Amino acid sequence: MYVSKFEASMATNFVINLALGALLCLATANGEIVNTNVERTLDLTSQLVKTTTKISAEDSAGKPIVEYVFFTSEPSLAYIAVKDASDKSVPFKRNEPVKGEQSFTFTFPRAAAKQTFVVETVASKGIRPHPEEIRQNDKQFVRYTGNLHLYSKYKTTSQKTNVKLSSSNILSHTQIKPFSVSSNKITLGPYENAEAFSQEPLVIHYENSAPFVTVNTLERTLEISHWGNIAVQESIQMTHTGAKLKGSFSRYDFQKEGRSGLAALKSYKTYLPASASGVYYRDTNGNISTSNMNAVRDFIELELRPRFPLFGGWKTQYTLGYNVPSYEYMFNDGNKYQLKMHLIDHIYDNMAIDEATIKIILPEGSSDIRLSTPYSISRLPNELVHTYLDTIGRPVVSFSKSNLVESHISDFTLQYSFSKTSMLQEPLLVSGFIYIIFLFTIVFLRLDFSITSHAHKE
């Protein structure tokens with residue numbers, strides 16, 4: 001059958017249009033996730049960047065949202081948590097970084113076409129002193145650099161950012177309309193129809209006199225005793241990472257003028273368990289007596305005052321220790337024991353820890369050791385340590401974690417087996433040692449070591 005060129009062209013166009021229509025319908029059926037509304041709150045009152053992001057998302061095709069990929073542009077992200085509209089935790093996993101970008105996949109327990117959830121993040125090094133050096137009587141100014149828009153792989157219909165600062169003394173900030181400033185608060189937006197992965201720099205230069213103190217290393221040791229005691233010791237080295245002190249330090253000006261060294265660390269409060277006893281606070285020079293302890297209902301408030309005020313660039317180190325009763329943290333079922341304690345404790349408000357190493361010294365003879373932590377850690381090889389009256393040594397469970405903040409204060413669980421008859425080892429060793437001493441004394445006293453002379457007959 002003969003087909004004209006015109007009819008062939010019409011048929012071809014019909015097939016192409018049909019294919020395009022099918023693809024369009026398929027795309028519409030698949031849909032895509034859109035952020036209908038985003039409300040961000042930036043807390044920049046301390047050395048930490050605390051961000052709370054409330055996201056309302058929906059699928060354009062009305063399909064239930066099971067997973068949501070969240071990107072963060074914070075280079076020093078320390079903590080992240082997700083909660084749904086019912087204030088229940090949403091499980092998530094960290095994805096492999098792509099071109100240096102961090103992302104997380106949230107998995108909602110209940111799939112729905114519209115999801116509303118809140119993401120809380122804490123970054124430890126997002127605020128930098130500017131200028132980097134100041135004199136003793138100068139104010140400390142800092143600069144925050146972030147993203148004006150939510151960095152997301154999805155389009156955002158509307159978004160708004162509220163910024164809370166530590167001072168109303170704002171030297172400069174990003175001024176993309178609409179925005180408003182009221183005392184120490186900046187409102188940016190709402191901004192409409194932001195494309196996926198939209199980036200717009202947000203820079204704020206303001207006064208922040210909070211001490212920028214970073215714990216460089218924390219070594220926390222827990223020594224477990226089945227005789228009713230747990231000994232806790234923390235060796236801490238910290239640095240003031242704020243604006244460095246320019247010029248010499250004057251003790252006279254520091255004590256004379258109340259506004260001298262506003263950003264210097266003079267003292268801080270740490271919290272201990274309410275049952276803590278035998279507290280000691282010392283450094284390489286010995287005991288530090290400039291500390292006050294106040295017992296509150298649920299904890300002990302310990303005010304620590306270093307030997308000298310800590311200015312920018314200065315370092316200090318000290319050791320803090322105490323004892324707590326083991327019955328508050330240990331549980332057992334026969335020869336099975338479980339220890340549940342804080343992985344780290346409160347050191348100071350808005351703390352930042354670069355590297356923490358936790359060591360748990362178990363009683364001699366412990367076996368079948370299993371550790372469970374609330375977040376990922378780096379497990380170190382087990383080792384043995386010898387203390388008094390030990391024979392084969394006590395097992396030590398060690399692990400480390402970097403970039404920690406106050407939100408990481410949570411419990412770990414350590415399970416192990418220990419025979420109760422092993423508790424008789426130390427009393428038997430002491431009794432045997434005393435018995436040997438008495439036996440040796442009895443034998444020694446019955447021996448005659450005197451020198452006698454005998455008369456010789458002529």
Side-chain angles (χ1 to χ4, degrees), residues 48 50 78-81 89 120 122 124 213-226 228-238 268-281 291 293-304 318-332 337-363 366 369-380 382 395-416:
L48 303 176
K50 301 178 182 179
Y79 175 81
I80 182 171
S89 297
E120 295 181 358
V122 181
S124 58
V213 180
T214 302
V215 176
N216 305 113
T217 58
L218 164 66
E219 185 172 318
R220 178 174 166 90
T221 303
L222 310 174
E223 186 173 351
I224 314 302
S225 172
H226 281 202
N229 183 71
I230 299 177
V232 182
Q233 180 174 288
E234 295 180 343
S235 298
I236 297 173
Q237 179 179 342
M238 60 172 55
Y268 57 93
K269 294 179 180 179
T270 186
Y271 303 134
L272 306 181
S275 57
S277 61
V279 181
Y280 59 88
Y281 170 46
S291 59
M293 189 167 65
N294 182 29
V296 191
R297 181 178 179 181
D298 298 326
F299 57 89
I300 292 178
E301 183 183 82
L302 183 62
E303 182 182 6
L304 303 179
Y318 66 90
T319 299
L320 175 66
Y322 55 91
N323 298 303
V324 290
S326 59
Y327 68 84
E328 293 187 355
Y329 305 95
M330 290 185 62
F331 313 92
N332 77 294
Y337 287 83
Q338 177 178 289
L339 173 68
K340 194 172 185 179
M341 291 188 72
H342 282 345
L343 195 144
I344 58 171
D345 258 329
H346 177 278
I347 301 177
Y348 55 87
D349 292 338
N350 298 309
M351 66 182 188
I353 304 174
D354 285 342
E355 187 73 25
T357 302
I358 293 85
K359 296 183 177 181
I360 308 168
I361 304 176
L362 297 176
S366 300
I369 302 171
R370 288 173 292 173
L371 176 66
S372 175
T373 57
Y375 38 80
S376 62
I377 50 96
S378 297
R379 185 71 181 270
L380 303 177
N382 291 350
V396 180
V397 179
S398 304
F399 55 92
S400 64
K401 175 72 175 177
S402 59
N403 200 11
L404 294 161
V405 293
E406 199 167 346
S407 301
H408 284 106
I409 298 179
S410 52
D411 293 339
F412 70 87
T413 302
L414 182 68
Q415 298 176 341
Y416 62 96

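Quick note: residue numbers are just sequence positions, from 1. Keep in mind it's a predicted model, so treat the numbers as computed, not measured.
For the pair M341/I360, no side-chain contact is recorded, criterion being any heavy-atom separation below 4.5 Å from C-beta on. In this structure the side chain of I409 reaches within 4.5 angstrom of the side chain of H346, judged on heavy atoms. Within the 4.5 Å cutoff, side-chain heavy atoms of L380 are placed close to those of T357. Two residues are said to be in side-chain contact when any heavy atoms from C-beta on lie closer than 4.5 Å; Y271 and E301 meet this criterion. Residues I224 and Y416 form a side-chain contact, since some pair of their non-hydrogen atoms from C-beta on lies under 4.5 Å apart. By the 4.5 Å heavy-atom criterion applied to side chains, Y348 and V215 are counted as neighbours. Side-chain contact between V232 and L272 is absent, with no heavy-atom pair separated by less than 4.5 Å.
Pairing each heavy atom of T270 with each of I347, the nearest pair is CB-O, 3.1 Å. Between H342 and F412, the shortest heavy-atom contact is O-CE2, 3.6 Å. A274 approaches I300 most closely through the heavy-atom pair O-CD1, 3.8 Å. Residues V324 and A276 approach most closely at CG1-CA, 4.0 Å, considering heavy atoms. In terms of heavy-atom proximity, F331 sits nearest to Y329 at CE1-O, 3.9 Å.
The CG atom of L218 lies 7.5 Å from the CD1 atom of I344; values are rounded to the nearest 0.5 Å. Distance check: M238 CE to D354 CG gives 11.5 Å after rounding to the nearest 0.5 Å. Rounded to the nearest 0.5 Å, atoms CG (N216) and CD1 (I236) are 11.0 Å apart. Between atom CD of residue Q415 and atom OH of residue Y337 there is a gap of 14.0 Å, rounded to the nearest 0.5 Å. Interatomic distance, D411 CG to T373 OG1, rounded to the nearest 0.5 Å: 12.0 Å. Note that CD1 of I230 and CD1 of I361 are 12.5 Å apart. Values are rounded to the nearest 0.5 Å.
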Going by atom type alone, with no hydrogens or angles, which donor-acceptor pairs under 3.5 Å involve a side-chain atom of residues 399-408 and a protein atom two or more places apart or on another chain?
from: K401; atom 1: NZ; to: S376; atom 2: O; distance (Å): 3.1
from: N403; atom 1: OD1; to: S124; atom 2: OG; distance (Å): 2.8
from: N403; atom 1: ND2; to: L77; atom 2: O; distance (Å): 3.1
from: E406; atom 1: OE1; to: N350; atom 2: N; distance (Å): 3.2
from: H408; atom 1: ND1; to: V405; atom 2: N; distance (Å): 3.1
from: H408; atom 1: NE2; to: A78; atom 2: O; distance (Å): 3.2

Pair T413-Q338, side chain to side chain contact (heavy atoms under 4.5 Å, CB included): steps then yes or no: CA-CA 7 Å; T413 302; Q338 177 178 289; 3.6 Å; yes
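Within the structure, the salt bridge (Lys or Arg N to Asp or Glu O under 4.0 Å) test picks out the following pairs touching residues 216-225 (sequence neighbours left out): E219-K359, R220-E234, R220-D345, E223-R394.
Ring geometry, Y281 versus Y318: the interplanar angle exceeds 60°, so the pair is classed perpendicular (tilted spans 30 to 60°).
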